[in-house]
Amino acid sequence: MKKHYNIIIAGAGGIAEAAALLLAEWSGVTPSIYIGNRTLSNAQELVKWVREGTTKNCEIEAFHLPGDKVTEEMKAILQKADIILDCLPGSLAPRIAKLAKDHKLHYVNLTEYVAETDQIIDLARDAHSGFVLQSGLAPGYINILAMGLFNDFREDFDVKKVDKLEFKVGALTKNAVSPHYYGFTWSPVGVATEYLNKALVLRDYKKASLPPLSERKQIIIDGLAYEEDLTSGGAADLPDALAEKVSSLDYKTLRHPGHYAWVEEQLEKTGKGPEAVKELQEIMQTVIPNIEDDQIIIYAAVEGKDSSGTLQRREVSKHILPLLVGRHKLRAIQTTTAAGLLQCAQIILESNKKGVVLQSMIEPEEFLNGNFILPVYGKT
């Protein structure tokens, strides 16, 4: 941040703590940070954790953020704030977005939930502040990286259309054991949701909706084998933005080989009814452990013929590990998600754009070279 801002972080989980610590450590001008959570003690613990971890002087305080009302304390903080960073579960996003709109605050969120994103798009059409949606890792960073590849390919090879644009992310453990070949590094409900909701893609230049886990393939990235398959949410708005320009576009989640076969076995037990997400989540949490030492695998590629008819392909791959920030070591999923959120927040604060800002609308070069992105992702 190039000037002082008052920043609200809604939530007190792993991404919220990473966002607060990165803001304290990496901002050009340290902001004032307000941590709001339904359970006040969790917000207070986060504040204590940031104070212990930062090497900078930072004004940070906790406040109660109840789920059903606006308190006098909240009103005072909302009136002096510049932006809300929404790190709460995706199901709560429309409520937090409405708070932002009602108080003319900028708003940035992380959720891959499609229905909630659509609600916020309708809410924010006439807003007097900016609403950047789906700004984390996937959706988020990976979509802006893909847009950058697409733009550069068209310019470098003097073409208007491409055959393929594919982008993939895996939040994985370093080791994987039978039978599930997985360990939780982020939200179990998020994993279950992306396995059960439909995926938006482009096929023959047209937007389409495909069943999740319906196009499994093996891929080798930096010499290591992974499985990839369609999951929901990660494509963000690219199927709409690039229709008629890309023949085949999709987002896929990367997993260690063997995991998806195990998931299919569990789905045979749960079915795909209204309770399927909850049931799958419960099954997974019973047998799959949480593991702190994680890694993020990223891959994006664009393919098509150049102006002379020769088939060309451009690729980017990244392998991101936990990172020491201040005095705390953050998991890879924390830094990669929080960095995208903060870079989008800085862009919207400094540009003062109004209304909805989706991933295809963000300038790739500015974002990918931002001061929150580079220390985590490196140069592209």
Side-chain angles (χ1 to χ4, degrees), residues 112 134-154 156 162-174 176 181-182 185-186 190-191 194-195 199-203 210 212-236 238-239 242 246-260 294-304 311-323 331-333 335-337 339-340 359-360 362 364 367-369 373-374 376-380:
E112 74 274 20
Q134 302 185 316
S135 70
L137 167 57
Y141 172 89
I142 192 63
N143 309 94
I144 301 171
L145 174 64
M147 282 296 301
L149 279 176
F150 170 76
N151 292 338
D152 290 346
F153 189 96
R154 291 204 305 171
D156 292 348
V162 304
D163 297 335
K164 296 179 183 178
L165 185 60
E166 51 192 84
F167 38 105
K168 317 169 198 297
V169 173
L172 300 170
T173 54
K174 292 182 180 179
Y181 299 100
Y182 191 62
T185 65
W186 67 290
V191 175
E194 72 174 4
Y195 288 172
L200 297 178
V201 302
L202 291 178
R203 295 292 183 263
L210 296 180
L213 310 186
S214 61
E215 290 190 358
R216 190 175 317 155
K217 296 178 182 178
Q218 187 179 78
I219 182 172
I220 296 173
I221 302 173
D222 296 329
L224 297 175
Y226 302 92
E227 285 182 346
E228 58 173 59
D229 212 337
L230 294 172
T231 55
S232 69
L238 267 59
L242 298 179
V246 179
S247 178
S248 175
L249 176 152
D250 53 56
Y251 168 79
K252 290 184 175 182
T253 296
L254 299 167
R255 292 289 182 253
H256 292 301
H259 174 69
Y260 283 129
D294 66 340
Q295 60 178 335
I296 300 296
I297 309 299
I298 294 170
Y299 177 87
V302 58
E303 182 175 301
L311 189 63
Q312 304 280 356
R313 186 175 178 91
R314 295 272 181 87
E315 300 173 305
V316 173
S317 65
K318 292 181 179 291
H319 179 204
I320 298 170
L321 297 173
L323 181 66
R331 288 176 291 144
I333 188 63
T335 56
T336 52
T337 304
Q359 297 310 305
S360 68
I362 295 171
F367 176 88
L368 295 172
N369 291 291
I373 292 295
L374 285 176
V376 175
Y377 291 95
K379 292 286 289 184
T380 299

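Hydrogens, waters and symmetry mates play no part in the numbers below; they use all other heavy atoms, side chains included. If you read the sequence from its start, that first residue is 1, and numbering goes on from there.
The minimum heavy-atom distance linking Y181 with H256 is given by the pair O-CB, 3.8 Å. Nearest heavy-atom pair across I333 and T337 is O-OG1, 2.7 Å. A pairwise comparison of heavy atoms in L230 and S214 identifies CD1-OG, 3.6 Å as the closest pair. In terms of heavy-atom proximity, K164 sits nearest to V246 at C-CG1, 4.1 Å. N151 and P364 make their closest contact through ND2-CG, 4.0 Å (heavy atoms, listed as atom of the first residue, atom of the second, distance). Between T335 and A332, the closest heavy-atom pair is OG1-O, 3.2 Å.
Inter-residue side-chain proximity for T336 and Y141 is flagged as unmet; no heavy-atom pair is nearer than 4.5 Å. M147 has its side chain out of reach of L165: every pair of non-hydrogen atoms, C-beta onward, lies at least 4.5 Å apart. For the pair L374/N369, a side-chain contact is recorded, criterion being any heavy-atom separation below 4.5 Å from C-beta on. Annotation: side chain of P239 is not in contact with side chain of V201 (no heavy-atom distance under 4.5 Å). Counting heavy atoms from C-beta outward, Y251 and L200 have side chains that stay 4.5 Å or more apart. Side-chain contact check for L321 versus K174: some heavy-atom pair is nearer than 4.5 Å. In this structure the side chain of V162 never reaches within 4.5 angstrom of the side chain of E303, judged on heavy atoms.
From L254, atom CG reaches atom CG of L224 across 11.5 Å, with rounding to the nearest 0.5 Å. Taking OH of Y299 as the start and CD1 of I219 as the end, the distance is 5.0 Å to the nearest 0.5 Å. Taken from OG in S248 to CG in L202, the straight-line distance is 8.0 Å, to the nearest 0.5 Å. The structure places CD1 of I296 at 10.0 Å from CH2 of W186, a figure rounded to the nearest 0.5 Å. Put simply, NZ on K217 and OH on Y260 are 13.5 Å apart, with the number rounded to the nearest 0.5 Å. Going from atom CG of D250 over to atom CG of L210 covers 8.5 Å, rounded to the nearest 0.5 Å.
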Inset, instruction - With side-chain contact (heavy atoms from CB on, under 4.5 Å) as the test, would you mind laying out the steps for Y377 and I298 before giving the verdict? - result: CA-CA 10 Å; Y377 291 95; I298 294 170; 3.5 Å; yes
Inset, instruction - Would you please test I297 and Y226 for side-chain contact (heavy atoms from CB on, under 4.5 Å) and show each step? - result: CA-CA 10 Å; I297 309 299; Y226 302 92; 3.6 Å; yes
Inset, instruction - Using the side-chain contact (heavy atoms from CB on, under 4.5 Å) rule, take L172 and T185 through it: C-alpha gap first, then chi angles, then the decisive distance, then the call. - result: CA-CA 7 Å; L172 300 170; T185 65; over 6 Å; no
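When atom types are taken as modelled, the side chain of Q295 and the backbone of I320 share no donor-acceptor pair closer than 3.5 angstrom. Put simply, the side chain of N143 gets close to the backbone of A235: a donor and an acceptor are under 3.5 Å apart. A donor-acceptor contact shorter than 3.5 Å is absent between the side chain of R314 and the backbone of F153. At least one donor-acceptor pair under 3.5 Å links the side chain of Q359 to the backbone N or O of Q134.
Salt bridge status for E215 with R203: present, with a side-chain N to carboxylate O gap under 4.0 Å.
Each of L238, L242, I144 was compared with S360 under the side-chain contact (heavy atoms from CB on, under 4.5 Å) criterion, and only L238 meets it. Exactly one of K168, K252, E194 qualifies for a side-chain contact (heavy atoms from CB on, under 4.5 Å) with T231. That residue is E194.
Every ring pair (Phe, Tyr, Trp, His ring centres under 6.0 Å) that H259 has, sequence neighbours left out, goes to Y182, Y195.
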